[in-house]
Amino acid sequence: MDSDSVLPLSESFQLPLIDLSDQTLKPGSSKWDEVKTHVRKALEDYGCFEASYDNVSTELKKSVFEAMEELFELPIQTKQRNVSSKPYHGYLCHNLYQSLGIDDATVLEKVNDFTQQLWADQGNKTISETIHRFSEQLWELDMMVRRMIMESFGLEKYIDEHLNSTNYLLRLMKYTSPPDDDDDDGLEETKFGLRAHTDKNILTILHQFQVDGLEVKTKDEKWIKVKPSQDSFLVMVGDSLGAFLNGRLSSPYHRVMMMGKKTRYSTALFSVPKTGVIVDSPEELIDEEHPRIFKPYQYDDFLQFFQTEAGRRAQSPFHAFAALSNTPL
Ligand SMILES: O=C(O)CCC(=O)C(=O)O
Ligand SMILES: [Fe+2]
């Protein structure tokens with residue numbers, strides 16, 4: 001079945017909600033081990049979960065929202081100056097969707113480079129600091145979850161190497177509401193904001209600013225709506241984490257459906273394998289029962305493949321690129 005054609009399962013379905021705000025949540029504590037089990041189970045079941053995480057203050061989220069309003073107000077020619085050496089890491093725009101990309105968003109100088117792309121010479125100090133602070137706090141959440149995942153698969157000895165193997169891309173997104181359709185039948189039309197895809201990176205931390213639209217596909221092929229919530233973030237497995245774990249976790253398909261009259265803003269922090277890093281499963285995860293599923297690869301080569309005709313056409317670009325067998329997983 002076409003992955004875009006399934007209807008949402010239920011308005012009321014709730015993904016697992018896991019509290020990661022607790023200040024006493026430290027590696028080695030019994031609370032940590034308990035939460036780690038929930039994280040692993042949720043990721044096995046859905047490839048994602050909602051993290052309740054109030055370490056990012058309401059004020060900071062408000063500042064990020066205001067920064068996004070200001071950034072997207074800039075003329076299109078200005079936004080197009082947001083370019084990156086990596087494909088798909090700069091300004092993107094199609095139909096209802098627009099997005100700005102900030103490479104190395106956890107490094108203040110790099111965020112300054114981003115605002116200087118848009119406001120030549122002087123940049124924008126306030127916006128740079130807001131984006132940097134927000135990225136730093138979500139970086140902590142990313143590392144906490146990845147540490148839990150590594151521990152839960154018995155990969156303690158690789159934790160430092162793994163956490164150091166990525167940098168962070170922050171994406172700011174704006175979706176305009178679908179235009180009114182001509183036949184005034186009173187029914188609001190739902191339009192794609194973003195087509196169904198899996199993320200290609202390691203882990204994604206997503207936040208919807210009040211307006212909903214995000215849907216995630218379950219293993220039994222149902223689309224479920226992810227409700228926006230003030231202090232929660234959606235934590236989602238990317239293809240490269242699935243490959244690193246030799247398929248023990250998989251990246252869920254997700255999409256954005258737009259309806260109604262509201263403009264939608266969202267942010268996503270992506271941990272991305274650094275240039276030169278080979279994504280490869282540790283030997284601990286490969287045995288007779290679990291033969292190697294993916295070839296070792298460099299993330300940048302995958303991005304290049306994704307730009308080709310074959311990459312764009314593949315139903316699952318990641319499997320077309322990295323799977324050792326042609327059988328779809
Ligand atoms: O805007 C959203 O909620 C989803 C964005 C997304 O899936 C992506 O950027 O990969
Ligand atoms: Fe995505």
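Both ligands and their constituent atoms are indexed starting at 1 by order of listing.
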For ligand 1, which atoms have a heavy atom of Val256 less than 4.0 angstrom away?
->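 Answer for ligand 1: 1 (O), 2 (C), 3 (O), 4 (C).
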Identify, by atom number and element, the atoms of ligand 1 in contact range of Tyr175, meaning under 4.0 Å from any of its heavy atoms.
-> 1 (O), 2 (C), 4 (C), 5 (C)
Suppose we measure from [atom] to each protein heavy atom; which comes out shortest, and what is that distance?
atom: atom 9 (O) of ligand 1; value: Met173 SD, 3.4 Å
atom: atom 3 (O) of ligand 1; value: Arg264 NH2, 2.8 Å
atom: atom 6 (C) of ligand 1; value: Leu194 CD2, 3.5 Å

Could you go step by step and tell me if Lys262 and Ser177 meet the side-chain contact (heavy atoms from CB on, under 4.5 Å) rule?
-> CA-CA 6 Å; Lys262 289 198 183 124; Ser177 58; 5.9 Å; no
Hey, does Gln208 sit under 4.0 Å from ligand 1 if you only count heavy atoms?
->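 It does not, in that no heavy atom of Gln208 comes within the 4.0 Å cut-off of ligand 1.
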Whether Arg255 lies under 4.0 Å from ligand 1, heavy atom |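 The answer is no, since Arg255 has no heavy atom less than 4.0 Å from ligand 1.
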Around atom NZ of Lys110, are there more than 12 heavy atoms of other residues, nucleotides or ligands at under 6.0 Å?
->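 No - once you tally the heavy atoms of other residues, nucleotides and ligands closer than 6.0 Å, there are 12 at most.
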Heavy atoms from other residues, nucleotides or ligands near NZ of Lys295 exceed 12 (cutoff 6.0 Å) | yes
Are any of the side-chain nitrogens in Arg133 or Glu129 under 4.0 Å away from the carboxylate oxygens of its partner?
-> no
Check all N, O or S atoms of Asp199 and name the one closest to the Fe ion (ligand 2).
-> OD1
Which atom of His197 is nearest the Fe ion (ligand 2), counting N, O or S only? It is NE2
Would you say Ser266 and ligand 1 have an N/O pair spaced under 3.5 Å apart?
-> yes
Indicate yes or no: does an N/O atom of Arg171 lie under 3.5 Å from an N/O atom of ligand 1?
-> no
Could you see which bit of Tyr265 sits under 4.0 Å from ligand 1, with heavy atoms only: side chain, backbone, both or neither?
-> neither
Do [X] and [Y] make the cut of ring centroids closer than 6.0 angstrom?
X: Tyr168; Y: Phe270; value: no
X: Tyr297; Y: Phe318; value: yes
X: His319; Y: Phe294; value: yes

Does the side chain of Phe321 come within less than 4.5 Å of Asp301's, by heavy atoms?
-> yes
